[in-house]
2 protein chains.
Amino acid sequence: MKERGSLVEMDKIEGLNDIVGFHIRLAHGAVNRHFTETFADLDLTQKQVSVLWLTDDHPGISQIDLGRELQMDRATTMTIVNRLQQRDFIRRERSLTDGRKQALHLTDEGRTALSAAKQCIAQHEAWLKSRLKPSEIEKLVEMLSRIHD
Amino acid sequence: MKERGSLVEMDKIEGLNDIVGFHIRLAHGAVNRHFTETFADLDLTQKQVSVLWLTDDHPGISQIDLGRELQMDRATTMTIVNRLQQRDFIRRERSLTDGRKQALHLTDEGRTALSAAKQCIAQHEAWLKSRLKPSEIEKLVEMLSRIHD
DNA sequence: CCGAATTGTATGCTTCACTAACGAATTAGC
DNA sequence: GCTAATTCGTTAGTGAAGCATACAATTCGG
C-alpha cells in the first residue's frame with residue numbers, strides 16, 4: 001500500500017530505491033570502479049583520459065574551454081593538466097591570440113598514452129554496453145545528456 | 001563522414017560523446033552539483049543522507065551491511081558514520097547477536113535531520129525528474145540498476 | 001580447541017571539487 | 001586613449017570520498 005503524492009504524509013516520501021539520483025550515483029560508482037581496474041596498468045583516471053582526448057581533438061584548446069566541456073572549474077582543471085604535464089603527456093604554450101590563455105597540445109608521449117587509453121576504453125565500454133540492448137544505449141545517452149545539458 | 005565499426009581504424013574509435021561512461025560521469029557531476037546546492041543549509045552530502053536513510057529503514061544495521069548496500073568498503077563507511085556520529089545523528093551500539101558488529105541507530109537529532117533532508121530530496125528529485133518524461137524515469141532507473149547490479 | 005574468516009578501527013595516500021586571493025592580459029565604458 | 005571591469009591562469013587551502021594496509025576482537029568451521 002504505497003501512498004504516493006500524499007500531501008499529508010510529506011515525510012515518508014518514498015524508498016531510497018525510488019530516488020533517481022541514488023541510482024545515478026551507484027551507477028557512476030560501478031562504472032568508475034570498473035574503469036579504475038581497466039586502467040590500472042596505464043595509471044590514468046577518467047578525467048585524465050577525457051582531458052587527453054579533448055586536447056587531441058582540439059589542439060591549442062585553453063584550460064577554461066577544457067573545463068567548460070568537462071564541467072570542471074578552473075582550479076580542478078589546473079590540477080589535472082598539471083599531472084598530465086608532469087608526466088609529459090601535455091604541453092602548455094601561451095596562446096598567440098589571447099595572452100591570458102594557455103594553448104594545450106599533446107606531446108608524442110601523450111598521443112601514445114591516449115592511443116593505449118582508447119583501446120582500454122573500448123574494453124571498458126564493451127563491459128558497460130553488455131548490460132544494455134543497442135537500442136537502449138542510444139536512449140540512455142540521450143536521457144543522461146538531458147540531465148547534464 | 002563518421003566511420004563507425006571500422007576494424008582497420010581501431011585508434012580513432014569514436015568521439016568522446018559516444019562513450020556511455022562519459023555521459024554517466026557528467027550526469028553524476030551535474031546531479032551532485034545540484035544536490036550540494038540544495039543541501040547547502042543542511043550541510044549534508046548524498047552519501048550522508050543515504051546512510052541516515054538506510055539506518056532509519058533498518059535500525060541496528062551493521063556498518064558492513066550499510067557498505068554493501070551503498071557499495072562502499074569498510075574504511076569509507078567508517079569515515080561517513082564517524083562524521084554522522086560526531087554530529088550526533090547516529091549512535092553506535094555493540095550488536096547483541098554478533099560482537100564484531102556495530103548496531104547503528106539514528107538519534108532524535110538524526111531523525112530530525114533526515115526528515116529535513118527528505119524534504120530537500122523531494123525538491124532535488126523534482127529538478128531531476130523535470131528533465132524526463134514519467135515513462136522515461138522508470139526506464140532510466142531500470143537501466144542504471146542493470147549497470148550497478 | 002585452534003586456525004580461518006569477519007568486522008570494526010586506525011593510518012595514510014590519492015583524486016576530485018570548491019573557495020579565495022592574486023597577477024597578467026584583455027575587453028568595455030566613457 | 002584611459003581607466004574600470006572582466007577573464008584566465010595560478011597558488012594555497014579545505015573537505016569529501018575511495019582505497020590499501022595493518023591490527024584487534026569476535027565468530028565460525030573443523
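A, B, ... follow the sequence lines: proteins, then strands. Residue 1 opens every chain.
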[X] side chain, from C-beta outward: closest of [options]:
{"X": "B/Met78", "options": "D/dT27, C/dA10, D/dT11", "answer": "C/dA10"}
{"X": "B/Ala75", "options": "C/dA10, C/dG8, D/dT10", "answer": "C/dA10"}
{"X": "B/Thr76", "options": "D/dG18, C/dT9, C/dA17", "answer": "D/dG18"}

Which atoms of nucleotides 4-7 of chain D (N or O only) lie under 3.5 Å from a protein N or O atom, and what are those distances?
from: D/dT7; atom 1: O4'; to: A/Arg100; atom 2: NH1; distance (Å): 3.3

Between [X] and [N], does any side-chain N or O lie under 4.0 Å from OP1 or OP2?
{"X": "A/Arg25", "N": "D/dA17", "value": "no"}
{"X": "B/Arg83", "N": "D/dA17", "value": "yes"}
{"X": "A/Arg74", "N": "C/dC18", "value": "no"}
{"X": "A/Gln102", "N": "D/dT10", "value": "yes"}

Within-4.5 Å side-chain heavy-atom neighbours: [X] and [Y]:
{"X": "A/Ile147", "Y": "B/Leu140", "answer": "yes"}
{"X": "B/Lys139", "Y": "B/Lys133", "answer": "no"}
{"X": "B/Arg68", "Y": "B/Ile64", "answer": "yes"}
{"X": "B/Gln63", "Y": "B/Lys101", "answer": "no"}

Between A/Thr97 and B/Ser62, which residue's closest nucleotide on DNA chain C lies nearer the 5′ terminus?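 The answer here is B/Ser62.
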Reading DNA chain C from 5' onward, which residue's closest nucleotide shows up sooner: A/Leu96 or A/Met72? A/Met72
Base, sugar-phosphate, or nothing for A/Arg92, non-hydrogen atoms under 4.0 angstrom?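 Result for A/Arg92 = sugar-phosphate.
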Heavy atoms only, 4.0 Å cut-off, all strands: where does A/Asp73 land among base, sugar-phosphate and nothing? base
Could you tell me whether [X] and [Y] have a side-chain N and a carboxylate O separated by less than 4.0 Å?
{"X": "B/Glu142", "Y": "B/Arg146", "result": "yes"}
{"X": "A/Arg91", "Y": "A/Asp108", "result": "no"}
{"X": "A/Arg83", "Y": "A/Asp43", "result": "no"}

Which residue lies toward the 5' end of DNA chain D, A/Ile61 or B/Gln71, if each is placed at its nearest nucleotide? A/Ile61
Grab the [atom1]-[atom2] distance between [X] and [N] for me, whole Å please.
{"X": "A/Ile90", "N": "D/dG9", "atom1": "CD1", "atom2": "C1'", "result": "15 Å"}
{"X": "A/His28", "N": "D/dA16", "atom1": "NE2", "atom2": "C1'", "result": "14 Å"}
{"X": "A/Gln63", "N": "C/dA25", "atom1": "CD", "atom2": "P", "result": "16 Å"}
{"X": "B/Gln85", "N": "C/dA10", "atom1": "CD", "atom2": "P", "result": "10 Å"}
{"X": "B/Asp98", "N": "C/dT6", "atom1": "CG", "atom2": "P", "result": "12 Å"}
{"X": "B/Leu26", "N": "C/dA17", "atom1": "CG", "atom2": "C1'", "result": "15 Å"}
{"X": "B/Arg33", "N": "D/dA16", "atom1": "CZ", "atom2": "P", "result": "18 Å"}
{"X": "A/Asn82", "N": "D/dA12", "atom1": "CG", "atom2": "C1'", "result": "13 Å"}

According to the interplanar angle, ranging from 0 to 90°, do the rings of A/His124 and A/Phe35 count as parallel (below 30°), tilted (30 to 60°) or perpendicular (above 60°)? perpendicular
Is a side-chain donor-acceptor pair under 3.5 Å present for [Y] with [X]?
{"X": "A/Asn82", "Y": "A/Arg92", "answer": "yes"}
{"X": "B/Asp98", "Y": "B/Ser95", "answer": "no"}
{"X": "A/Gln102", "Y": "A/Arg94", "answer": "no"}

Between the axis at one end of the helix from C/dC1-D/dG30 to C/dC30-D/dG1 and the axis at the other (five pairs apiece), what's the angle to 10 degrees? 30°
Run the side chain to side chain contact (heavy atoms under 4.5 Å, CB included) check on A/Gln46 and A/Val31 step by step: do they pass? CA-CA 10 Å; A/Gln46 281 196 25; A/Val31 169; 3.9 Å; yes
Short of 4.0 Å, heavy atom to strand atom, which residues of residues 35-50 of chain A count as contacting DNA chain C?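 Nucleic-acid contacts, sorted: A/Thr45, A/Lys47.
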In this structure, are over 12 heavy atoms from other groups packed under 6.0 Å from A/Glu93 atom CD?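 Yes, the 6.0 Å shell around CD holds more than 12 heavy atoms from other groups.
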